[in-house]
There are 2 protein chains.
Amino acid sequence: MHETANDTVRLLWGPPAKPSRGPKPALSLERIAAAGVEIADEEGLGALSMQKVAGLLDFTKMSLYRYVPGKAELIALMVESAAGEPPAPADGADWRERLTAWAHHLADSFARHPWLLDATVGPRVMGPKELSWLEQVVVALDGHGLTGPERMDAAVLLAGHVRGIAQQSRGTGASGGPEAELLAALGAMVRQHADRFPAVAAAMADPDGRDRALDFGLERILDGLAALIERRTGGA
Amino acid sequence: MHETANDTVRLLWGPPAKPSRGPKPALSLERIAAAGVEIADEEGLGALSMQKVAGLLDFTKMSLYRYVPGKAELIALMVESAAGEPPAPADGADWRERLTAWAHHLADSFARHPWLLDATVGPRVMGPKELSWLEQVVVALDGHGLTGPERMDAAVLLAGHVRGIAQQSRGTGASGGPEAELLAALGAMVRQHADRFPAVAAAMADPDGRDRALDFGLERILDGLAALIERRTGGA
DNA sequence: GAGAAACAGTGTCTGGCGGACACTGTTTGT
DNA sequence: ACAAACAGTGTCCGCCAGACACTGTTTCTC
C-alpha cells in the first residue's frame, strides 16, 4: 500500500508544522521545492534528480526523504511553487478581457518554466495555487447563463489551448537553440514531400506573421463562448 | 555532435532498406516499434525500457541499437506506429463535420494509447503519418477564406483541445482504477476549502451530465471558426 | 538532573536504467 | 579463397530512486 495520493494531498494542502521532539529540521519544503525549480528551469525536468537537488542545498540525497516521500511528490511541490498565485482580475474588465489576460499570464508561466509541461501530464492532485487559477476562470464566467460544469469545461478548454501552444513553441526563443534544427529538418521534409502534404506545405510556405497561434486560438475560443453566452442570455 | 534530429528524420522518413553485405537482420523497425507499443500500452511509457522491448522479442538489449540509435528514436517510431493513418474524410461532409469526426478519432487514439500524451510533449520531428493527420485539418479548412497559417493555427487549436481532454480524463475509465482515488481526494479538498474556491466548489457540486468536456470545447472552437469564416466570406 | 524517546541527517547497498565498446560468428562481394 | 561488412552478444560504466541501518542531537518525562 503506497497511498501516494494521500501523501501528496497532505503535502500540498495540510502541512501545519509539526509537534516535534528531536532536533529542528534544517531544511524546509519551500527551500527544497525552490532548489528543484531552479534545476528544472536550467536543465529541464529530465535532468532533475534527488542528488542534484540535495547537492544544491549542500545536503545528502537521503536527507530529502525526511521531507518528501519521493520524487513524484517533490515535483508536485515544484509545480505548486512555480505556479504561484494567479493574476488578480482587473476591476473593470468583462469576462472576455479577464480570460484573455488570464491566458496570457498562463502562457507566461509556461514560458518561464517550460518543465511545467512535462510535470503536468496525466491526472494528478492539484495544489491550492493551481486550483486558484482554475477558480479565476470559473468566477469570470459566473452569471452568464452557463452551468457549473460548462464553466469548468470552458476553463479546461482555455488551459488546454495555452498548454498546446506553449508546447509547440517550446525552445523556439529568439536564440534559435538546438530545437531550431528540428523545425528546419521538418520543414525540409514537408517541402520534399509536398506532393503528399500539399495543404500543409502551402500553409507553411505562406509568409505571414507567425507567433499568432496563441491569440488566434484564444479569439476563436472566446468567440465560441460569446456565442453560447448570447444564446443563453437571450441576446441581452 | 549527436545529430539526433537528423537520425530521427532519417528513421521516420527515409529508410529505403540497405545495400548490405553481411548477414540479414532478423528484426525490423516495425517489429521493434510494435513491441514497444505493446509494452507502453500495458504498462505505460515510464515502464518502457530497452530491456523489456528486447525481452519481448527474445533478443538482447544491445541488439536493438543496431536498428535504433537510442530510446528517443524508438519512441518516435512508436508514436508514428501508434498514430496510424488518419481517418478518411467522409465524402459529403462539410468542414465542420469533418473536423468533428477528426477530433473524435484523435481522442480515440489517445484513449487507445495513453502514453502518446507523454511521448508527444515538447518539440519533435513528426513522421509522415502524424503529418497526414495535420494535413486533413488544413485540407478541410481549404477554400473558406482562411490564410495558410490560420488553418495551421486552427489545427493546433483543435489538436490541443483533444489532447487536453485526453490528459484530463486519463485513467478514469469505467473501472475506476487507482486514479479515481486522486479525484476523490481532490474533490474532498475542494469541499473542505470551499470558502477559498467557491466557484469551483459550486461547479463541481452541480450534478450535470459529465464527460461532455470534449464536445463542449469542440463546439465552442467550431463556433468560433464558423464566425471567422462567415466574416471572411462576407456571410455568403 | 538522568534517562529515554523522537527525530535529523548520513552511509551503504540493491536493482534497474541507457548506452559505449570490444567481441564472435555469419554472410557476401571480390 | 579471402577479407570486408555486418548482426547479435557480453561486459562494463555512470547514474538513478529508494530501502534500511546507523549516529548524533534535541527535548520531553520522570
Side-chain angles (χ1 to χ4, degrees), chain A residues 1-4 7-8 10-11 15-33 35-36 39-40 43-78 115 118-119, chain B residues 1-4 7-8 10-11 15-33 35-36 39-40 43-78 115 118-119:
Chain A
M1 183 80 89
H2 274 268
E3 287 292 355
T4 312
D7 282 349
T8 310
R10 205 171 303 120
L11 224 57
K18 320 274 182 80
S20 170
R21 171 124 82 158
K24 291 164 195 163
L27 284 170
S28 67
L29 291 177
E30 288 73 20
R31 281 189 64 199
I32 294 174
I39 293 173
E43 309 179 50
L45 196 64
L48 184 86
S49 75
M50 295 292 174
Q51 301 265 22
K52 283 188 188 167
V53 175
L56 193 60
L57 295 165
D58 272 314
F59 280 78
T60 59
K61 172 185 67 161
M62 289 316 290
S63 67
L64 300 184
Y65 287 94
R66 290 269 161 202
Y67 299 82
V68 162
K71 195 187 186 182
E73 289 78 11
L74 168 59
I75 293 178
L77 284 174
M78 288 168 52
W115 51 270
D118 308 277
Chain B
M1 182 80 89
H2 274 267
E3 288 293 354
T4 312
D7 282 349
T8 309
R10 208 170 301 121
L11 224 57
K18 319 273 181 79
S20 170
R21 170 124 80 159
K24 290 164 196 164
L27 285 171
S28 68
L29 290 178
E30 287 74 20
R31 281 189 65 198
I32 294 174
I39 292 173
E43 309 179 52
L45 196 64
L48 184 87
S49 75
M50 294 291 169
Q51 301 265 23
K52 285 188 188 167
V53 175
L56 193 60
L57 296 165
D58 273 314
F59 279 79
T60 59
K61 172 182 70 161
M62 289 317 291
S63 67
L64 300 185
Y65 287 95
R66 289 270 162 201
Y67 300 82
V68 162
K71 195 187 186 184
E73 289 78 10
L74 168 60
I75 294 178
L77 283 175
M78 288 166 54
W115 52 270
D118 308 277

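For the numbers below, each heavy atom of this structure counts, side chains included, while hydrogens, waters and symmetry mates do not.
- Here C:dA8 presents its P atom at 11 Å from CD1 of A:Ile32, a figure rounded to the nearest Å.
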Can I get a per-line list of side-chain donor-acceptor pairs under 3.5 Å for residues 66-78 of chain B, giving both atom names and the distance, sequence neighbours left out?
unit_1, atom_1, unit_2, atom_2, d
B:Tyr67, OH, B:Ala26, N, 3.3
B:Tyr67, OH, B:Leu27, N, 2.9
B:Lys71, NZ, B:Leu48, O, 3.0
B:Glu73, OE1, B:Gly70, N, 3.2

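- At least one side-chain nitrogen or oxygen of A:Ser63 sits closer than 4.0 Å to the OP1 or OP2 atom of C:dT10.
- We find that CG of A:Leu64 is positioned 14 Å from P of C:dG11, with the value rounded to whole Å.
- In the set D:dA7, D:dA17, D:dG10, D:dA7 carries the atom at the smallest distance from any side-chain atom of B:Tyr67.
- Between the CG atom of A:Asp7 and the P atom of D:dA17 there is a distance of 18 Å, rounded to whole Å.
- The side chain of A:Thr60 places an N or O atom within less than 4.0 Å of a non-bridging phosphate oxygen (OP1 or OP2) of C:dT10.
- In this structure, CG of A:Leu27 is placed 17 Å from P of C:dC7, rounded to the nearest angstrom.
- Regarding A:Leu57, its CG atom lies at a distance of 16 Å from the C1' atom of C:dT10, rounded to whole Å.
- Residues satisfying the side-chain contact (heavy atoms from CB on, under 4.5 Å) criterion with B:Arg10, sequence neighbours excluded, are B:Asn6, B:Asp7.
- The nearest pair of heavy atoms linking A:Gly36 to A:Val53 is CA-CG2, 4.1 Å.
- Axis orientation changes by 10° from one end of the helix from C:dG1-D:dC30 to C:dT30-D:dA1 to the other, with each end axis drawn from 5 pairs and the value rounded to 10°.
- For A:Pro25, whose side chain is taken as the heavy atoms from C-beta onward, the closest listed nucleotide among C:dG11, C:dA8, D:dG8 is C:dA8.
- For A:Lys61 against D:dG18, a side-chain N or O and a base N or O form a donor-acceptor pair under 3.5 Å.
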Any N/O pairs under 3.5 Å between the protein and nucleotides 21-30 of chain C? List them or say none.
unit_1, atom_1, unit_2, atom_2, d
C:dT28, O4', B:Arg21, O, 2.7

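- Listed in residue order, the members of residues 45-54 of chain B having a heavy atom less than 4.0 Å from DNA chain C are B:Leu48, B:Ser49, B:Met50, B:Gln51.
- B:Phe59 comes within contact range of the sugar-phosphate backbone alone, with a heavy-atom separation under 4.0 Å but no base atom that close.
- Atom CG of A:Leu74 is separated from atom P of D:dA17 by 10 Å (rounded to the nearest Å).
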Show me the donor-acceptor pairs, under 3.5 Å and distance only, between side chains in residues 56-64 of chain A and residues at least two apart or in other chains.
unit_1, atom_1, unit_2, atom_2, d
A:Ser63, OG, A:Thr60, O, 2.6

